[in-house]
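Each remark here refers to the structure printed beneath this line.
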Amino acid sequence: MSKYEHIFFDLDGTIIQSEFGIIRSARIALSEMGISTDDETDKEMLKFIGPPLYNSFHDFYGMSDEDSLRAVKYYRDYYEREGLFDSPLYEGILQMVERLTAAGKKLYIVTSKPGVTASRIIDYHKLTDSFAAVIGPDKSEKSPKKKELIERAIRENNIMDKESVLMVGDRMYDIEGANEAGIDSIGVLYGYGSREELEEAGATYIAPNPIDILSFVN
């Protein structure tokens, strides 16, 4: 029997293919800030997936603290109205979630996306009953660290044994956060990160597809 009983899932790039709504929201926010993205391809805009929003505007576009916060507001105004629904589940997610649930595993969403927004997405996809909790930052948090979110999930759900926890994510932020929090991790290749990125970050396991996650958990 697997030692992993509590499975933490990132959301963007792990459960949902979120690029469509995210890219559109980012382009709108940047336009509102007077920045044209006409010369940036959708592939280049994928940089918005993974890091906290504030960091993206601040680091990628050199915005001041005040402007970064304004850009985040413009982004969320559109994203929470329309963009969040443009996020299909990856093929195989439903089957993987159903099999883990049937095996008695407890599943959680642990994401840098605001918790209230992540909950709406999970509810939209009719997965609310499959997850014991959705853990994400408050909207007032500018730059939440994945380590802190993982530790919050462990604490708030009264998980006593870290060895029973496994983080599943597609970017280095998920893997590094897991390592810093002292738990094992699966880096998934179907999301927005590369094998090289995930291996360099120190992923315990690598899963090419959602169904491959089962081989490390069941």
Side-chain angles (χ1 to χ4, degrees), residues 1-20 22-23 26 40-53 55-56 59-60 87-97 99-100 103 105-113 118 131 135-137 143-154 159 161-218:
M1 183 175 178
S2 169
K3 66 178 179 179
Y4 303 117
E5 298 300 321
H6 302 276
I7 319 301
F8 293 178
F9 287 92
D10 177 46
L11 185 58
D12 297 333
T14 303
I15 297 294
I16 59 171
Q17 191 175 352
S18 53
E19 64 189 87
F20 311 108
I22 287 176
I23 289 172
E40 291 193 68
T41 66
D42 282 354
K43 185 175 181 179
E44 290 171 323
M45 295 295 287
L46 291 177
K47 63 192 174 186
F48 274 90
I49 299 176
L53 270 178
N55 290 27
S56 295
D59 298 345
F60 300 144
S87 58
L89 296 174
Y90 283 101
E91 184 176 355
I93 288 295
L94 283 177
Q95 296 93 322
M96 181 266 294
V97 166
R99 287 176 61 177
L100 289 178
K105 307 299 182 181
K106 280 200 167 184
L107 313 185
Y108 310 76
I109 296 293
V110 182
T111 175
S112 295
K113 190 183 293 297
F131 290 92
I135 294 88
S143 184
K145 302 294 185 185
K146 206 58 178 261
K147 170 182 179 286
E148 295 166 1
L149 294 168
I150 290 170
E151 290 176 339
R152 184 185 304 176
I154 291 172
I159 299 171
D161 181 10
K162 279 189 175 183
E163 290 190 359
S164 71
V165 183
L166 184 67
M167 179 74 213
V168 183
D170 69 311
R171 296 298 312 277
M172 61 183 179
Y173 311 100
D174 306 305
I175 306 307
E176 290 172 351
N179 289 336
E180 291 167 2
I183 65 172
D184 288 349
S185 62
I186 298 177
V188 300
L189 300 183
Y190 57 84
Y192 301 110
S194 66
R195 177 183 289 273
E196 180 182 24
E197 174 185 334
L198 295 167
E199 289 180 344
E200 285 185 359
T204 313
Y205 313 106
I206 297 291
N209 299 295
I211 209 69
D212 296 319
I213 292 168
L214 297 171
S215 64
F216 303 113
V217 179
N218 280 344

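- At least one side-chain heavy atom of Leu100 sits under 4.5 Å from a side-chain heavy atom of Leu214.
- Residue Met167 holds its CE atom at 14.0 Å from OH of Tyr173, rounded to the nearest 0.5 Å.
- Taking Tyr90 as the reference, Tyr190 meet the ring pair (Phe, Tyr, Trp, His ring centres under 6.0 Å) condition, with sequence neighbours excluded.
- The nearest pair of heavy atoms linking Asp184 to Ala178 is O-CB, 4.1 Å.
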Leu53 vs Phe48, side-chain contact (heavy atoms from CB on, under 4.5 Å): CA-CA, chis, key distance, verdict:
CA-CA 7 Å; Leu53 270 178; Phe48 274 90; 4.2 Å; yes
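- Atom CZ of Arg171 is separated from atom CG of Leu198 by 8.5 Å, given to the nearest 0.5 angstrom.
- Using a 4.0 Å cut-off between charged side-chain N and carboxylate O, Asp10 and Lys146 make a salt bridge.
- Residues Ser194 and Leu189 share a closest heavy-atom pair of C-CD2, 4.3 Å.
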Trace of the salt bridge (Lys or Arg N to Asp or Glu O under 4.0 Å) decision for Arg152 with Glu148
CA-CA 6 Å; Arg152 184 185 304 176; Glu148 295 166 1; 5.8 Å; no
Report the C-alpha distance between Ile213 and Phe9 in whole Å, list the side-chain angles of each, state the deciding distance to 0.1 Å, and finish with yes or no for side-chain contact (heavy atoms from CB on, under 4.5 Å).
CA-CA 11 Å; Ile213 292 168; Phe9 287 92; 4.2 Å; yes
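- Separation of atoms NZ (Lys145) and CD (Glu176) is listed at 10.0 Å; rounding is to 0.5 Å.
- Tyr205 is linked by a ring pair (Phe, Tyr, Trp, His ring centres under 6.0 Å) to Phe216, counting only residues two or more places apart in sequence or in another chain.
- Counting heavy atoms from C-beta on, the side chains of Leu11 and Ile16 come closer than 4.5 Å.
- Between the side chain of Glu197 and the backbone N or O of Met172, at least one donor-acceptor pair lies under 3.5 Å.
- The two residues Ala181 and Ile150 make their nearest non-hydrogen contact at CB-CG2, 3.7 Å.
- If you take CG on Leu89 and CD on Gln17, they are separated by 10.0 Å, rounding to the nearest 0.5 Å.
- Residue Val168 forms a side chain to side chain contact (heavy atoms under 4.5 Å, CB included) with just one option from Ile175, Val110, Ile186, Leu107, and that option is Ile186.
- Other residues, nucleotides and ligands place more than 12 heavy atoms under 6.0 Å from the CD atom of Glu180.
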May I have the step-by-step check of side-chain contact (heavy atoms from CB on, under 4.5 Å) for Ile211 and Arg99, ending in yes or no?
CA-CA 9 Å; Ile211 209 69; Arg99 287 176 61 177; 3.9 Å; yes
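- Here the CD1-NZ distance, from Ile49 to Lys113, works out to 8.5 Å after rounding to the nearest 0.5 Å.
- Residues Pro210 and Val188 fail the side-chain proximity criterion, which asks for heavy atoms closer than 4.5 Å.
- For Tyr192, the ring pair (Phe, Tyr, Trp, His ring centres under 6.0 Å) test picks out no residue, with sequence neighbours left out.
- In this structure, the side chains of Ser185 and Asp174 stay at 4.5 Å or more apart for every pair of heavy atoms.
- The backbone N or O of Ile23 sits nowhere less than 3.5 Å from a side-chain atom of Asp42 that would complete a donor-acceptor pair.
- Considering every non-hydrogen atom in both Gly169 and Thr14, the closest pair reads CA-OG1, 3.5 Å.
- Across all their heavy atoms, His6 and Tyr108 have their closest contact at ND1-OH, 2.8 Å.
- Side-chain atoms of Phe8 and Ile154, non-hydrogen and from C-beta on, do get closer than 4.5 Å to each other.
- Separation of atoms CD (Glu151) and CD1 (Ile183) is listed at 9.5 Å; rounding is to 0.5 Å.
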For the pair Asp161 and Lys3, evaluate salt bridge (Lys or Arg N to Asp or Glu O under 4.0 Å) and give the outcome as yes or no after the intermediate values.
CA-CA 10 Å; Asp161 181 10; Lys3 66 178 179 179; over 6 Å; no
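- Heavy-atom contacts from other residues, nucleotides or ligands closer than 6.0 Å to CD of Glu199 number more than 12.
- Across every non-hydrogen atom of Pro144 and Pro52, the tightest pair is O-CG, 3.5 Å.
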